[in-house]
Each structure stands twice: as structure tokens, then as C-alpha cells.
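So the structure is just underneath, and the comments pick up after that.
What you see is a predicted model; the values in this text were computed from it and never measured. In the text below, chain A, chain B and the rest are named by the order of the sequence lines, each starting its count at 1. In what follows, every heavy atom counts, from backbone to side chain, and hydrogens, waters and symmetry copies are set aside.
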There are 2 protein chains.
Amino acid sequence: MLNGRFILYVLGLLLIIEGFFMLLSGGVAYIYGEYDLLYHLTSAAISIVLGGTISFLTKGVEKHIGKREGYIIVSSVWVVFSMFGLMPFWLSGAIPSFTDAFFETMSGFTTTGSSILTDIESLPHGLLFWRSIIQWLGGMGIIVLSLAILPILGVGGMQLFVAEVPGPTPDKLHPRITETAKRLWVIYLGFTVAEVVLLLFGGMSIFDAVCHSFTTMATGGYSTKQASIAFYDSAYIQYVIILFMFIAGANFTLSYHAFHGRFKKVIQNEEFRYYLGFVLGISVVIGTVLYFTESNLGIERSFRDALFQVVSIITTTGYATADYLLWVPFLSLLVFVLMFFGGSAGSTGGGIKIVRVVLLLKNSYYELKRLIHPNAVIPVRFNNRAVSQSIITNVLAFVVFYIFIFGAGTIIMSIMGFDMVTSLGAVATSLGNIGPGLGEVGPSENFAAIPDFGKWFLSFLMLLGRLELFTVLLLFAPAFWKE
Amino acid sequence: MLNGRFILYVLGLLLIIEGFFMLLSGGVAYIYGEYDLLYHLTSAAISIVLGGTISFLTKGVEKHIGKREGYIIVSSVWVVFSMFGLMPFWLSGAIPSFTDAFFETMSGFTTTGSSILTDIESLPHGLLFWRSIIQWLGGMGIIVLSLAILPILGVGGMQLFVAEVPGPTPDKLHPRITETAKRLWVIYLGFTVAEVVLLLFGGMSIFDAVCHSFTTMATGGYSTKQASIAFYDSAYIQYVIILFMFIAGANFTLSYHAFHGRFKKVIQNEEFRYYLGFVLGISVVIGTVLYFTESNLGIERSFRDALFQVVSIITTTGYATADYLLWVPFLSLLVFVLMFFGGSAGSTGGGIKIVRVVLLLKNSYYELKRLIHPNAVIPVRFNNRAVSQSIITNVLAFVVFYIFIFGAGTIIMSIMGFDMVTSLGAVATSLGNIGPGLGEVGPSENFAAIPDFGKWFLSFLMLLGRLELFTVLLLFAPAFWKE
């Protein structure tokens, strides 16, 4: 029997937490004395009262839950948080359309960063703060999800990538999640504070520094400026953000090791080495081409623009300091391909994830060896360990779903009349939780012109991508509901 | 030790065969009394004399060969055939550029059908005939390759799809290949003759009927008309060609069963059912949209245009009766997605192949079930049989290579300055052995404007795709050359 009461209990508790963060953004509105204070307080009241009532009514319920409850809770949390999280935007009239408000909030909680806003600076500080903090909360959720919950649920081969997670062995769901979450959140918080401090040194206002740090560490990409990071004409600020985007796109357990002085573990990690290699290699290629095709940029700026955009896209942050669609087609295409790499497993980044891309390519290469030696058993090796066949199958199933959903999604966008490039870009960026796409939804554009149906559809893709596909897809499998 | 002498012996023999087919096109030139006769004879003489010398010098060699020799022979045949097959075009001056002549010939032997010719009707009949017959020969080669050779070599999970191939069991290479080849070539020839007769009934000239039948059965797509099949304003002719394209895109062993009255085997074949389903389903969607968006077409023409283009692309033939790039973006995109399906395994069609697409999607769907029941062993089923894990891994490795090469190829095309859509289309159509692409290489355009490097690169992609990737890629694996 599905433990529905426990699911409600958890959702109720989480709603109370969301309400308290609304109070926090209400505090910001109070400090700046702006009109949105009332709406933050109203939204907080609704969330806390409703969440409190639900959790009170379902209190004392049997706490032993299975995987099914886990899947349902995970998928519902993002939807429920978005449904309530849109209230400050919608009630205040800052985003008058309910669809737009939902899109903006889901884009926030999934740390995507696609926006329907066309004049971000016109928003009051409280709402800008709320917009940033929902990404930060989404990032927190993802860290727990990818490093503590999904490995237990067995989704997408994640059990492999977190073999070295500090914490107790995964025989009990509850203590492990709590313990892992605590340790990693401390790191998450620590990096956020460090980035704020470094951005302040660069002359950024405290408000903007906090907001940008929230959305950097979440690889979210919401900025308080319409021009995104291009607004800051400071090499220092841009390099600081590059650094923290890169950290946020790396496995948080590696940061944990680094904090404990175990740098060898970081450097020996195979996914990290590929991550670093891809970032540097592709940045050098793009930087070199930029230097020779955009002669006015100069050498430092060429490589900085390249590095910033590469890190921003591969980590699925989505900040911009340059419009890659204005680069020569080769470079825009390279950026588009990067959208499918995604961050590292166990980071706040989305996309397919580097480890999966590498495992797949390795498996294909090993298949050549298997053809040459048909009787030998040749397992794929990762981090110097043999990877089990079931994990390879799982990873491959994930990528096939990813590509299939990408293809089907692109066709659905084109039905709405969008050209091929826009359709490809909108779906790739939503599914990969990146932010900017191609064509009409490029980095200098926004998602305001997408019809309502498209906004709901892209929101769904953000959710799918953020929850590693399987978590959501399972709910559509009839077998899931059979006891 | 690699049996190099035997490889040369086989190539020599095959070269003699190619020479005799050149004599055949010389015969056509003789009948029409055109200037190209001399060049067919010269090319034939060179091929036969050289082939004869090589095979004479290597005669009496140990005939026992292993898989390695098999791979090398298969890959070399297509290159050698193209190198010699280009002579009639090049020596006659009809195609003055060596690169162009190679591209056109490789596009022929791989049954791709991409052309650099801008005025096809200006070619003499002998050359048009040669252009068609190289596709027909390529189709013959593919039938043997995919139904007799690759299953033995273990490439791309092909052993699965041909489990029911008539003929002796695969313990000896030579008798099986010969026997299977004979039976299937009879069917191939039979269908070609049948199509010629039916096209004659439709009023097509005997020359055009023969040429088009050659390139239909090979799913090649070279036409004797610049306007392709759109030249024939006859519904009858177009339906005849649709029928034979569809047959050529189906597994030839199914035709074998059909000829022996075993229709139940055809209808029960899972790949065939998906093939039929995809073709009808997508044609109905496209036909309906065409009817409502292109009001001047009328209902019959809308569905005929849809069916023709769908069958032409999914079977990787590449004939055109309409320019799908002029359709609304949704439809062009649907056609683009079709380029990745490809024909059935064991057909002359290229691409990923329907069985692989279906196996992959099934595996992904089954993975959901595996997540729900983590302790149950749930194999993918195809044709009511459990598919072994190693075949799934092999199929997945194939598709990953396919997508990786597609992505890398697109980037390489974009380096030459092509826009994203043209790059995507040129690579998809070359790798899938289709013919027309998107953008600047769409169905109303041709490949003449591609720079030389691009033509060599696309030719290589045609070869890769035609030989199921692994056959060629193996030659680049260092382990292959180690004893």
C-alpha cells in the first residue's frame, strides 16, 4: 500500500520551509521599503498555514516508506514548490500571467534560468531576491537528490558515481540522507559565502553579490541584470564567477575531499579530469577562433569570453557575457553540443552529465575490442574499477530517453511554428536546465514570446531533466502503480 | 599473421567483376553512339587487366581466412570500387574534378545518392547507366554484407536480426556466404525486373525504367533526371516507385519468405510491423498537415507527396517528388528525424535501422520496470525472444558511435563555414546514406558547392555509415593490428 499520508506529511513540512524563505524575501522587501512586502508575507502565510495544517493532520503516521513513496515525493516537491513559489511574482502583479509566473518559478527551482522577463531591473528587490533564492533552494535539493536519494533509488547509474560519498552505508534511507545532506550543505553554504565576499571585493553591491552567489552555486543563472554578467565590465568579477560556476559544476563530494586536504582524490577522479579537460580544451579552441575572427576583442578578452561561455554552458548555469549566436557558426554549434554534456554527477549542474557521456564513449570503444576478442569479457573501467553491466545498461537507457525526449520535444516545439534551430535550442536548454538556447531563445533573447502551451511544455522538460528523467517517467509507467 | 595475399586475391577478382560491368555500360554507350564509349572501354580494360594481374599473382594462396581479413576486405572493396569506378566519369571529362568524381562514385556504391551534378540530363546515356548500376552493385554488396558477412563478424548486433536467414548454419564462412548471396540476389534481380516492367507500363522509357529500377532496389536514389521523380507527373509511376522503395527498405529475408508463401512470417516480424507502422503513421500526419497548409495540392496529392517523401527518406533512397524544405518547419523537422531511423536490417537501406531504434527504446522502457523490480531479471524481448545483454550493449555502442560521429561531423562541416542546419543535414544524409539533406544541400540543391575537403569528409561518412560503422572503425583501433 502506498503510504500517501507520509507523502503529504513530508510535502507539508517542506511547504513550511518554503514559507520561511518567503519571509526572508519579505525581509528584503521591508529593508528596501518596496511595494512587494505585502505579497511576500501573504505567500508565506498561505504556505506556512497550509503546510502546517497538512503536516499536523498527517502527523504521527508510519514513517517507514519504500522507493515508490520516494519517487512520488521527489517529483511532487518540485511541482508543489513551483506552484506556491510563483505566488510572490503573480500576486504582486510583477508577472501578471499565471503561466509566466509558473514558468519563471519552475525555471528557478530546477536551476534552469530561462526567463520570461523582459525588464529584470524593473522588479523590486524582494522579488529579485526571491527569484535568486529559489534557485539556491533548488540547488540544495539537487545536491541531496543526486548524492543521497537517487543512488538509493537506483536511478541513472548514480549509485556508481557516489561510491565514495562520505557518510554511513546506504542501508537505511533516513539517517543517510540527513547525514549526507548536512555535510554537503555546509560546503554549499560555505562556497556561497566565499563568493559573496569575493564579489564584494570586486565592487558589486551586497544585494547583487548575494543574489549572484545564490544563482552561481545552484548553476541556475538568474541574474539581477537584464544584461546578465555582461553588465559587469570587470574581468575580476567575471573570473570569480567562472571559478564558482566551475566549482558548482563539479561533484560536491570532491569539494568535501578538498576541504579535508585530500587533493589527490580530486585529481585522481576520472570524471573531474574529463570535466577539466573538456572545459580547458574547448575554451582554448573557442578563444583562439574568437581572437582571429573578432579582431577588436584582444587576446585576454577572447579567452575570457570563451572560458566564461564554456563554463556557463557546460555547468548548465546559463549566465552570459557574450552572445554566442553572434560568433561564427562553428562556435555556436560547439556551444550547442556542450549543452548535452552537462555538469558532473553530484553537482548542481544538469544535462546528461560528463560521467555518462564518458562511460558511453568508453563502452562504444570497448565494443571494438570485444569484436576483436569475442570470447574475452571486457568490462568498461571507470576510476580504475570495472563498471557492472547493469549500470552501463542503465546509463544507456538514460541517454536514449534523453535523446528521444529531445527529438520528440523539438518536434512538438516546431508544431508551434518555431524554426528548427529555435526548437532544437529551446528543448536542449530546458531539458539540460541551462537557460539560454538558440535562435529566438538565444542568450540575448528570452522566453516571453513562447505561447502558453509551449511554456508549460518546456517547464515539464525542465522538471524531467532536473529529476534525471527516470524519477518523473516512472510515474507514467503503469507497472509503478501496481502493487 | 594477416593473410594479405588472400585479401589482394579477392580484391583482384572483384575488380575484374567491376570491369565487366563497365563493359556493360560501354554497351549502352555503343547503342546510343555517344562519345563516352571509349572511356568505358578504357576503364574496363584497366580494371580487368589490373584485377586479373593481381589475382593471378596471388592465386593458389591459402584460402583459410579469419575475421580480420574479412573486415579489411569489406572496407577496401568499397574504396577500391570507388577509386576505379570513378574513371568513366573522370576520364570522359563529364566530371572534370577528381574529388567530384570520387564523391559521386562513393555516393553511388554506398547507395547514398548525393550528387555534385548540376545538369544530370547533359550526361551521355552510358554514364547515366554507369551511375545507376554502381548503386545497384552497391545494393548487392550490402545484401551480402548485412545478411551473410556482418552476422558472422558480429557487427552491430546483426546476428540477431538475421537469425532466420535461410541457408546453412554459420560455422563455415565461405559456403554460407555463397549460398545466402545466391538466394537473395535472385530476389533482388527479380524485384528489379518487376519494377522495370511496371515502370514501362507507366510510359517510362526503357532506359529510364532500367536506371530507376537499379537505384530504387538499391535504395540509392540516383535519377536520370535533374528533377528526380518529380519529373514524372504520373501518380502511377510514383506509386510504383513507392512500392519498390518500401520493398527495398524491408529485410530481404522477409521477401524470401513471402516468395515461398510464408506471409505469416512477414506479418509476425516485429521490425516489419514497426517499419510499416512508422511509414503509415508519419505519412498520415504529414499528408494531413500538407492538405491543410498547401491548399492547392488536393487530398490525393497531399498524401502521395507525404508517402513518397516518407518512404524515400526512411528507406534512405533519397528520390524526391517534393521539396520538404518548403513545407512548414514541423514537417521538415519530422523528415529530418526520419533520417535517423533508416531502413530495416537486412535491407539495402542505411541509417541506424529500425530494429536498433526499437530495441533501444524498449530497453529504456524496460529500465523503468527494472527500477520498480530491482531484483527481477527483465530482458528486452524482440520477435518474442529474449535479447541477450551483449547484443543490447552492442546495439547501444553502435548508436552512441552514430550519434557521436554525427555530432563531431556536424562540427567539422561548420568549420567550413556552413550554417548549423546545412551542417546537420549534410552529415545526417551522408552517414545515413540517404541523399538529400537540409539547407544548402536540400532536395532541390546538390553537393557541388561543398569544398573539396568537405567532399572527401562526407564520402568517408558515407563509407562509415554504409559499413555499419564498426567495420571501418575497427581498422583504426590499435588492438586490431596486434597479433
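- Proximity to chain A (any heavy atom under 4.5 Å) is restricted, for B:Val337, to the side chain, taken from C-beta onward.
- A:Tyr365 and B:Phe401 get closest at one heavy-atom pair: N-CZ, 3.8 Å.
- In plain terms, the two heavy atoms of B:Leu368 and A:Leu474 that are nearest each other are O-CD2, 3.5 Å.
- Between chain B and the options A:Ile392, A:Leu331, A:Val357, A:Thr393, the largest number of non-hydrogen pairs under 4.5 Å is found for A:Thr393.
- Contact annotation: the side chain of A:Val400 never approaches that of B:Glu367 to less than 4.5 Å [non-hydrogen atoms, C-beta and beyond].
- Counting heavy atoms from C-beta outward, A:Phe336 and B:Leu424 have side chains that stay 4.5 Å or more apart.
- B:Gly417 and A:Pro329 get closest at one heavy-atom pair: O-CG, 4.3 Å.
- When A:Leu360, A:Leu473, A:Ile415 are compared by the number of non-hydrogen pairs under 4.5 Å with chain B, A:Ile415 comes out ahead.
- Residues from residues 403-413 of chain A that place a non-hydrogen atom less than 4.5 Å from a non-hydrogen atom of chain B comprise A:Ile403, A:Phe404, A:Thr410, A:Ile411, given in numerical order.
- In terms of heavy atoms, A:Ala397 sits closest to B:Ser364 at O-OG, 3.0 Å.
- Among the candidates A:Arg370, A:Gln389, A:His373, A:Lys369, the residue making the largest number of heavy-atom pairs closer than 4.5 Å to chain B is A:Gln389.
- Atom CD1 of B:Ile372 is separated from atom CH2 of A:Trp481 by 10.0 Å, given to the nearest 0.5 angstrom.
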